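Take a look at the structure below.
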Amino acid sequence: MTATAGNASATVSWTAPANGGSAITSYAVTRTPEPPPWPGHRDRKPARDDGEHHRTHQRHRLHLHRHRHERRRHLPASAASAPVTPSGTTTSAITNGGFESGLTSWTTGGVRAPVASTTAHTGTGSALLGLASGTEPLGDSSLSQTITIPATGTTTLSFWYQPHSQEDPCTGNACPYDWMEAQVRTTTGTTLGSLFKLCNNNGTWTQLTADLTAYKGQTITLWYNVHLDGSSPADDTWMYLDDITLTNG
Ligand SMILES: [Ca+2]
Ligand SMILES: [Ca+2]
């Protein structure tokens with residue numbers, strides 16, 4: 001059999017063998033090594049983030065099943081295909097981007113440190129930035145991770161956020177009181193670009209994608225933040241964040 005690498009996939013093909021006089025009823029293709037568990041698997045490993053199943057050389061074997069004399073016979077497996085390595089993969093650049101391991105690998109900061117949440121877009125974990133209730137502090141609630149953008153290809157960042165606020169809606173620099181935002185920063189905290197900045201209370205998971213190819217080959221910090229204005233009585237702002245991925249192809 002043969003295997004052909006595709007974009008985050010492999011296609012296998014084979015020629016039907018002689019059936020020896022009774023019909024072949026099924027084929028089974030196996031790959032070596034076995035893939036890691038997907039997100040949602042009960043051990044909750046952040047498998048989607050490590051990209052291991054894409055980078056691994058894969059071999060495939062063909063098993064032939066056929067009926068003969070009214071009983072099922074499993075014929076010996078074919079020789080393995082040559083190994084193939086799919087391209088265009090989800091990379092390993094962001095660790096725990098699905099927050100299935102709490103806030104592991106993320107750096108928290110500000111007057112109100114983000115916390116792990118179970119209000120998830122997928123899986124069972126997310127990050128909660130800002131303050132959902134209670135006395136409102138003045139300052140930031142930030143979450144960051146430093147990553148290296150691949151030197152070649154097109155790199156796209158994707159993440160999901162769920163915004164909540166008791167403040168009036170606003171966008172960008174017109175936001176005077178509270179807001180939620182994401183920036184690309186240098187590792188020393190200088191802002192290189194804004195990915196979004198707004199305040200609203202729509203409460204629905206919203207996807208944002210951004211082309212980070214301009215930073216290829218650079219080590220940058222992804223910086224997420226909810227800013228609170230310390231009002232009394234409190235008019236709090238918070239957002240959940242989940243499924244932060246980087247795709248390079
Ligand atoms: Ca999650
Ligand atoms: Ca406020």
Side-chain angles (χ1 to χ4, degrees), residues 36-53 90-145 147 157-182 196-209 222 224-247:
W38 289 93
H41 189 271
R42 58 190 159 90
D43 71 4
R44 298 296 177 199
K45 286 186 64 167
R48 174 160 53 191
D49 299 329
D50 64 17
E52 193 64 38
H53 51 296
T90 297
T91 72
S92 60
I94 295 174
T95 305
N96 189 32
F99 301 101
E100 299 303 299
S101 302
L103 301 187
T104 302
S105 302
W106 292 91
T107 299
T108 61
V111 297
R112 167 81 183 185
V115 296
S117 167
T118 56
T119 301
H121 176 252
T122 62
T124 58
S126 70
L128 169 58
L129 286 70
L131 188 64
S133 64
T135 303
E136 183 182 357
L138 169 59
D140 290 337
S141 176
S142 67
L143 189 69
S144 62
Q145 185 172 139
I147 61 173
L157 173 74
S158 169
F159 61 87
W160 292 77
Y161 67 98
Q162 186 190 107
H164 299 263
S165 181
Q166 295 162 11
E167 299 273 8
D168 291 336
C170 61
T171 56
N173 291 330
C175 291
Y177 305 120
D178 293 0
W179 59 82
M180 46 211 84
E181 64 185 325
F196 82 108
K197 181 179 179 181
L198 55 78
C199 187
N200 70 48
N201 193 39
N202 77 21
T204 58
W205 283 108
T206 305
Q207 185 182 25
L208 193 147
T209 60
L222 280 180
Y224 294 90
N225 184 44
V226 166
H227 181 79
L228 301 157
D229 70 345
S231 292
S232 181
D235 42 18
D236 293 323
T237 296
W238 66 104
M239 79 168 165
Y240 300 97
L241 192 62
D242 203 0
D243 291 333
I244 304 172
T245 62
L246 208 60
T247 305

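From a predicted model like this one, the values you see are computed outputs, not experimental measurements. For ligands, and for the atoms within them, numbers begin at 1 and follow the listed sequence. Numbers for residues simply follow the sequence, beginning at 1.
- Under the side-chain contact (heavy atoms from CB on, under 4.5 Å) rule, Val111 has a single partner from Ser142, Ser141, Pro137, which is Pro137.
- Counted by atom type alone, His227 and Asp178 present zero donor-acceptor pairs between their side chains at under 3.5 Å.
- Within the sub-3.0 Å shell of the Ca ion (ligand 2), the protein contributes these N/O/S atoms: Glu136 OE1, Glu136 OE2, Glu167 OE2, Asp178 OD1, Asp178 OD2, Asp229 OD1, Asp235 O, Asp235 OD1.
- With a cut-off of 3.0 Å, the protein N/O/S atoms near the Ca ion (ligand 1) add up to 6.
- Classification of the Trp160-His121 ring pair by plane angle, with boundaries at 30° and 60°, yields parallel.
- A ring-centre distance under 6.0 Å is not found for Tyr224 and Tyr161.
- Judged by distance alone, with hydrogens and angles left aside, the side-chain atoms of Glu136 form a donor-acceptor pair with the main-chain N or O of Asp229 at under 3.5 Å.
- Atom CG of Asp168 has 12 or fewer heavy atoms from other residues, nucleotides or ligands within 6.0 Å.
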Practice task
Report the C-alpha separation of Cys199 and Cys175 in whole Å, then their side-chain angles, then the decisive distance to 0.1 Å, and conclude whether the disulfide bond (SG atoms under 2.5 Å apart) test is met.
Solution key: CA-CA 7 Å; Cys199 187; Cys175 291; 6.0 Å; no
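- In this structure, the side chain of Asn96 does not engage the main chain of Ser105 through any donor-acceptor pair within 3.5 Å.
- Without hydrogens or angle criteria, Asn200 side chain to Asn202 main chain gives a donor-acceptor distance under 3.5 Å.
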